[in-house]
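Below, read A as the first sequence line, B as the second, and so on, with proteins coming before strands; counting in each chain starts at 1. Values in this document were obtained by computation on a predicted structure and should not be read as measured data.
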2 protein chains.
Amino acid sequence: MRLTKKERQSYLSQAFEQNPFLTDEEVAKKFHVSIQTIRLDRLELGIPELRERMKHMAEKKFDHVQSLSPNEVIGDVIDLQLHKSGISLLEISTEHVFERNQIARGHILFAQANSLAIALADWKVALTGNASIRFVRPVRLGEKCIAFANVAEAHDSRLHVGVQTKVQEEIVFQGDFEVYRVGDDKGN
Amino acid sequence: MRLTKKERQSYLSQAFEQNPFLTDEEVAKKFHVSIQTIRLDRLELGIPELRERMKHMAEKKFDHVQSLSPNEVIGDVIDLQLHKSGISLLEISTEHVFERNQIARGHILFAQANSLAIALADWKVALTGNASIRFVRPVRLGEKCIAFANVAEAHDSRLHVGVQTKVQEEIVFQGDFEVYRVGDDKGN
DNA sequence: TAGCATTTAGGACTAGGTATTAAAATGAGG
DNA sequence: CCTCATTTTAATACCTAGTCCTAAATGCTA
C-alpha cells in the first residue's frame with residue numbers, strides 16, 4: 001500500500017531537513033504522488049518553497065561572514081609601554097563562543113594575546129614568528145579576560161613576549177610569542 | 001558626466017560583493033542605467049544571477065552544517081576524516097589582513113588551523129589545550145591557504161594534531177595542537 | 001451509496017532571470 | 001561634419017520553481 005498522508009508528511013519533513021535543495025518535482029517522484037500533493041503538504045507543514053529556503057540559508061551564511069570578520073584588534077589595549085609591557089581587556093560575548101557550550105573559541109584568546117604582543121613592538125611591520133601557547137582552562141560567555149604581556153627579551157629585530165591571560169586572578173591562558181620586524185624602518 | 005563603462009563595472013563588482021542580494025533592477029536604479037546594461041555587465045564580469053548567488057551561499061552554508069555545527073569554523077573544511085585527517089581552505093580577504101601591509105593577521109591562520117584541529121575530534125565538546133605554532137612566512141591578501149591536518153596521536157580523550165598550512169605548495173604555517181575532550185559523551 | 005477527506009489536474013500569474021535580435025544613442029577620429 | 005565602433009536600450013520569446021485558485025476524480029467509511 002501507498003503511504004498515508006501522515007506518514008508521507010512525516011518522511012517529507014525529514015527529507016527536506018536532510019536535503020533542503022529538493023524541488024517539489026523530485027520529491028513527488030520519490031513518493032510517487034503528484035506535484036500538487038507535495039505542494040499541499042508543504043503548505044500544511046509550513047515548509048517554504050525551494051527558493052525561499054535557499055534565500056534563508058544564504059542570509060544566515062552572510063550574517064555569519066560578517067560577524068566572523070573582525071578587522072579590529074581583538075581586545076581593548078588599556079595600557080601599553082612599548083617594548084616593555086601591555087594590558088588588554090576582552091569581555092567574552094556571544095560571537096566569541098561555541099554555540100553549543102558557551103565556551104570561548106581558542107583562537108579568540110589567541111587573537112587577544114597575539115594582537116597585544118604585536119602592539120608591543122614599535123615597528124612599522126611586526127609579525128608573529130613562533131608561538132607556544134597553553135589554554136589553561138575554558139573561558140565562558142561573559143567572563144572578562146585580562147591579558148598581561150611582558151617583554152622577556154628584546155633584540156633589535158625580534159621581541160620575545162610572554163602573555164598571561166586571567167579571569168579574576170585565575171590564569172586561563174598562557175603564551176610565548178616571538179615577534180619579528182620586517183624591513184628596517186622604525187616608528188609607527 | 002555619467003560613469004564610464006569601466007568605472008561602473010568596477011563599482012558594480014564592489015556592490016555585489018558587499019550585498020549579494022541585489023537584483024538587477026535595484027542595481028540599475030542605483031546606477032541610473034537600464035536593466036539590460038546591468039545584465040551585460042554581469043555577463044562580462046562573470047557575476048551570476050541573484051538566484052545562483054543565493055544558491056551558492058546556501059550550499060556553502062549547508063556544507064558547514066554537515067561537517068560541524070555552523071559558524072564554528074574559520075575556513076571551509078573540504079575534507080574531513082574524523083580522528084585522522086582534514087583539509088581546510090581559506091582565501092585571505094581584506095578583513096583578514098593588516099590594512100597597512102596587506103599581510104594576514106597571525107590569529108587568522110591560527111584560527112583556521114585551530115578550527116580544523118577541533119573539527120577532527122568527533123567529540124561533543126572538544127577544546128584546545130596546548131599548541132605550538134610557527135608562522136613560516138607572511139601570507140598576503142588574496143592568497144589561498146590550504147591547511148592540512150593529521151592526527152599524530154590519538155588517545156581516548158586527547159588528540160595530537162599536526163597542521164601544515166600551504167600556499168601553493170609553500171609552507172606558510174605549522175602548528176601542533178593538543179585537543180582534549182570535555183565530559184564523557186562521545187559522538188556528535 | 002452518500003459524504004467526507006484526499007489526491008490530481010489545469011490554468012493564470014509571479015520573480016528574476018537567459019538568450020537573441022535589433023535599433024538607438026554616444027564618442028572618437030579623420 | 002560625417003562615419004564607424006562602442007555602448008546602451010528595447011523588445012521578444014523562453015525558463016524554473018513556484019503561488020493561488022477552481023474543479024474534478026478518487027478513496028474510505030459509516
Side-chain angles (χ1 to χ4, degrees), chain A residues 1-67 69, chain B residues 1-67 70-71 76 91 93:
Chain A
M1 198 195 82
R2 178 207 236 163
L3 296 165
T4 68
K5 192 180 178 183
K6 271 196 180 170
E7 287 171 324
R8 176 168 28 84
Q9 291 194 344
S10 153
Y11 284 116
L12 211 71
S13 309
Q14 281 190 350
F16 279 123
E17 207 154 314
Q18 206 212 324
N19 178 8
F21 296 94
L22 291 169
T23 63
D24 289 353
E25 204 183 351
E26 287 166 341
V27 181
K29 271 179 192 157
K30 200 177 256 178
F31 288 93
H32 302 107
V33 291
S34 74
I35 221 173
Q36 285 82 353
T37 304
I38 299 299
R39 285 175 179 165
L40 270 177
D41 286 343
R42 273 201 300 101
L43 201 74
E44 287 176 22
L45 295 170
I47 299 172
E49 63 168 293
L50 170 59
R51 283 163 177 170
E52 286 303 310
R53 296 195 300 270
M54 293 199 302
K55 194 178 172 187
H56 253 101
M57 287 192 283
E59 276 164 349
K60 269 198 180 168
K61 214 240 149 175
F62 193 61
D63 282 355
H64 230 190
V65 170
Q66 298 227 315
S67 68
S69 48
Chain B
M1 200 194 81
R2 182 207 234 161
L3 295 166
T4 69
K5 195 182 176 183
K6 273 198 178 167
E7 287 172 322
R8 175 165 33 80
Q9 291 194 344
S10 153
Y11 284 118
L12 211 71
S13 309
Q14 282 191 348
F16 279 122
E17 207 155 313
Q18 206 212 324
N19 178 9
F21 296 94
L22 292 169
T23 63
D24 290 352
E25 203 183 350
E26 288 166 340
V27 181
K29 271 180 192 154
K30 202 177 255 179
F31 289 92
H32 303 106
V33 290
S34 75
I35 219 172
Q36 285 82 352
T37 303
I38 298 298
R39 286 178 179 163
L40 271 177
D41 286 343
R42 272 201 302 100
L43 201 74
E44 288 175 20
L45 295 170
I47 300 171
E49 61 168 296
L50 169 61
R51 282 165 180 167
E52 285 304 309
R53 297 196 299 270
M54 293 198 302
K55 195 179 171 187
H56 255 99
M57 287 192 282
E59 275 165 350
K60 269 201 179 169
K61 214 242 149 175
F62 193 60
D63 285 352
H64 282 249
V65 170
Q66 295 219 312
S67 57
N71 75 347
D76 297 321
E91 183 171 348
S93 60

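Atom P of nucleotide D:dA17 and atom CD of A:Glu25 are separated by 8 Å, given to the nearest angstrom. Atom-to-atom, CD of B:Glu7 to C1' of D:dT6 comes out at 16 Å; the value is rounded to the nearest Å. Between B:Gln9 atom CD and D:dT6 atom P the separation is 15 Å, expressed in whole Å. Atom CE in B:Met54 sits roughly 17 Å away from atom P in D:dT16 (whole-Å rounding). Look at NZ on B:Lys6: it is 16 Å from C1' on C:dG27, rounded to the nearest Å. Following rounding to the nearest Å, B:Leu3 (CG) and D:dT6 (C1') show an atom-to-atom distance of 17 Å. Spacing between atom NZ of B:Lys29 and atom C1' of C:dG16 amounts to 14 Å, rounded to whole angstrom units. Taking atom CG of residue A:Leu50 and atom P of nucleotide D:dT16, one finds them 13 Å apart after rounding to whole Å.
In terms of heavy atoms, A:Leu22 sits closest to A:Ala15 at CD1-O, 3.8 Å. Among all heavy-atom pairs drawn from B:Arg39 and B:Asp24, the shortest one is NE-OD2, 2.9 Å.
Of the possible donor and acceptor atoms, none in the side chain of A:Arg53 sits under 3.5 Å from a partner among the backbone N and O of B:Ala58. A distance-only check finds a donor-acceptor pair linking the side chain of B:Glu26 to the backbone of B:Thr23 [under 3.5 Å]. Side chain of B:Glu7 to main chain of B:Thr4: a donor-acceptor pair is present (N/O by atom type, distance under 3.5 Å, no hydrogens or angles).
Nucleic acid contact class of B:Arg53 (heavy atoms, under 4.0 Å, all strands): none.
Less than 4.0 Å separates DNA chain C from at least one heavy atom of each of the following residues of residues 32-48 of chain A: A:Val33, A:Ser34, A:Gln36, A:Thr37, A:Leu40.
Shown here are the side chain to side chain donor-acceptor pair (under 3.5 Å) partners of B:Glu44, two or more places apart in sequence or in another chain: B:Lys5, B:Gln9.
For C:dG16, the OP1/OP2 oxygens have no side-chain nitrogen or oxygen of A:Arg51 closer than 4.0 Å.
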